[in-house]
Amino acid sequence: LNIFQKNKIFFLPDAIINIADFIKKKNVKFNEFEKLKNKQIIFAAGRLTKQKNFSYLIDEFESFSKINRKFTLIILGDGEEKTLLKEKIDSKGLKDKVILEGQVANVFKYFKYGELFILSSLWEEVGFVIVEAAISNLFVISSNCPNGPSEFLDGGNNGILFNSNNRGALSDALMNYSKLKQQNEMKKKLKKNAKKYTLFYHYLKLIEIIRN
């Protein structure tokens, strides 16, 4: 209907992060991971529900860890599948490799110890946790589920996408990550992209819009 001119239309992603709060929460003293300081840590986070697909994540991590034993998987969150996931971890003999940490109030004090973040969801928007992981300088590997992750990772240019819930797809993505030489460059792109989801970015864009 041509109600609005194209140069008068702007898109602002949800303002998920307040930079001041992020810095404050990130710098909290936290000694719980001293025992893991020599480990390479992969994080996942969210409610322990069917949507998050953590059962698939554990299966794929098991396959990957048979080849690369350096990594430890820590899942932050609580939910109705906790018992099921715990039983799976025990049955696979992964108690020392996969840790269900439970619900935490401050993900940033955990993320600063990590190297990787995995989103294994069956469906997901550009949710809080993927943005929080990216701004914490974690490399992101995500399923290509509808709709948000592919958008946030720019189709795989800012991280690694794998075919959602496909057997072997995530373990292959982890193997690709371990061979990737552009990890730091892609982390920088991710962090820059995550800043678009901050209150400060919104403030700057709104000032720009008003002035124009």
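Remember, it's a predicted structure, so these values are computed and weren't measured experimentally.
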| message | Would you say that L122 contacts N165 through its side chain, given a criterion of any heavy-atom pair below 4.5 Å between the two side chains? | response | yes
I want to check something: taking the side chain as every heavy atom from C-beta on, are L174 and I42 in contact at a cut-off of under 4.5 Å? yes
When rounded to the nearest 0.5 Å, the distance separating OG of S63 from CD1 of I58 is 12.5 Å
Exercise for review: In sequence, state the C-alpha distance, the side-chain angles, and the governing distance for L57 and L73, and then conclude on side-chain contact (heavy atoms from CB on, under 4.5 Å).
Suggested key: CA-CA 10 Å; L57 168 59; L73 172 63; 4.0 Å; yes
When rounded to the nearest 0.5 Å, the distance separating CE of M175 from OG of S178 is 4.5 Å
| said: Any side-chain to backbone donor/acceptor pair from E185 onto Q182? Under 3.5 Å, distance only. | reply: no
Q) How about I135 and I19: do any of their side-chain heavy atoms sit closer than 4.5 Å? A) yes
Take F22 and S136 through the side-chain contact (heavy atoms from CB on, under 4.5 Å) test and state the conclusion after the steps.
CA-CA 9 Å; F22 163 68; S136 299; 3.9 Å; yes
| Is L206 close to L12 at the side-chain level, that is, under 4.5 Å between some pair of heavy atoms? | yes
Return the orientation label for the F162 and Y56 ring planes: parallel under 30°, perpendicular over 60°, tilted otherwise.
parallel
V28 and K112 have their tightest heavy-atom pair at O-NZ, 2.8 Å
Looking only at heavy atoms, the pair that brings P149 and L119 closest together is CG-CD2, 3.5 Å
Next item on the list: Mind telling me whether F64 and F71 have parallel, tilted or perpendicular rings, with 30° and 60° as the class edges?
Entry: tilted
Establish whether V140 and Y113 are linked, either directly or via other cluster members, by ILVMFWY side-chain heavy-atom contacts under 4.5 Å. yes
dist K70:NZ -> E115:CD (nearest 0.5 Å) comes out at 9.5 Å
| task | Identify whether F61 and Y110 are in the same connected component of the hydrophobic contact network (ILVMFWY, side-chain heavy atoms under 4.5 Å). | result | no
Exercise. Does one hydrophobic cluster hold both F108 and L199, with members joined at side-chain heavy-atom distances below 4.5 Å?
Worked result: no
- Check the pair I17 / V131 against side-chain contact (heavy atoms from CB on, under 4.5 Å), numbers first and verdict last. CA-CA 8 Å; I17 291 173; V131 178; 3.7 Å; yes
Here the gap from I89 atom CD1 to D96 atom CG, rounded to the nearest 0.5 Å, amounts to 11.5 Å
Checklist entry - So does E60 pair up with R167, basic N to acidic O under 4.0 Å? => result no
Of all heavy-atom pairs linking F152 and L190, the shortest is CE2-CD2, 3.7 Å
* So, do Y177 and F139 have ring centers that fall under 6.0 Å from each other? -> yes
- Same cluster or not: are V104 and F117 linked, directly or through other Ile, Leu, Val, Met, Phe, Trp or Tyr residues, by side-chain heavy atoms under 4.5 angstrom apart? yes
- Task: Quick one: do S55 and K88 satisfy side chain to side chain donor-acceptor pair (under 3.5 Å)? Show the steps, please.
- Result: CA-CA 8 Å; S55 180; K88 170 168 274 199; 2.6 Å; yes
For M186 and G156, the nearest pair of non-hydrogen atoms, with its separation, is CE-O, 3.7 Å
| Is atom CD of E101 surrounded by more than 12 heavy atoms (other residues, nucleotides or ligands) closer than 6.0 Å? | yes
* Asked: In terms of hydrophobic clustering (I, L, V, M, F, W, Y; side-chain heavy atoms under 4.5 Å; direct or indirect links), are I9 and I3 co-clustered?
  -> yes
Residue pairs meeting side-chain hydrogen bond (donor to acceptor under 3.5 Å, both in side chains), one or both in residues 186-204, sequence neighbours left out, come to none
Heavy atoms of F54 and A44 approach each other most closely as CE2-CB, 3.8 Å
Minimal heavy-atom distance between I16 and V126, with the atoms involved, is CD1-O, 4.0 Å
Please answer whether the main-chain N or O of Q103 pairs with a side-chain N or O of D78 as donor and acceptor at a distance below 3.5 Å. no
Task: Main-chain N/O of S164 paired to N144 side chain as donor or acceptor, under 3.5 Å - done: yes
*Side chain proximity check, S143 to S120, heavy atoms < 4.5 angstrom*: no
The reported gap from CD1 in I130 to OG in S121 (rounded to nearest 0.5 angstrom) is 8.5 Å
- Determine, for E208 against K205, whether the closest basic-nitrogen to carboxylate-oxygen distance falls under 4.0 angstrom. yes
query = Quick one: does I99's side chain get under 4.5 Å of I75's, heavy atoms only?
reply = no
Taking only Lys NZ, Arg NE, NH1 and NH2, and the carboxylate oxygens of Asp or Glu, determine whether E81 and R47 approach each other closer than 4.0 Å. no
- Item | Any side-chain heavy-atom pair of E125 and N147 under 4.5 Å | yes
Would one find more than 12 heavy atoms of other residues, nucleotides or ligands at under 6.0 Å from atom CZ of F10? yes
Would you say the side-chain atoms of D21 pair up with the backbone N or O of N18, donor to acceptor, closer than 3.5 Å? no
Q.
So for atom CG, which belongs to D14, do other residues, nucleotides or ligands contribute more than 12 heavy atoms lying within a distance under 6.0 Å?
A. no
CD1 of I74 to CD1 of I41, rounded to nearest 0.5 Å, is 4.5 Å
Open item on the list: A quick test of your reading: do over 12 heavy atoms of other residues, nucleotides or ligands sit less than 6.0 Å from NZ of K82?
Closed with: no
Note to self: Any heavy-atom pair between the side chains of L116 and L138 that's under 4.5 Å?
What the structure shows: no
For the pair F111 and V129, evaluate side-chain contact (heavy atoms from CB on, under 4.5 Å) and give the outcome as yes or no after the intermediate values. CA-CA 11 Å; F111 283 172; V129 72; 4.1 Å; yes
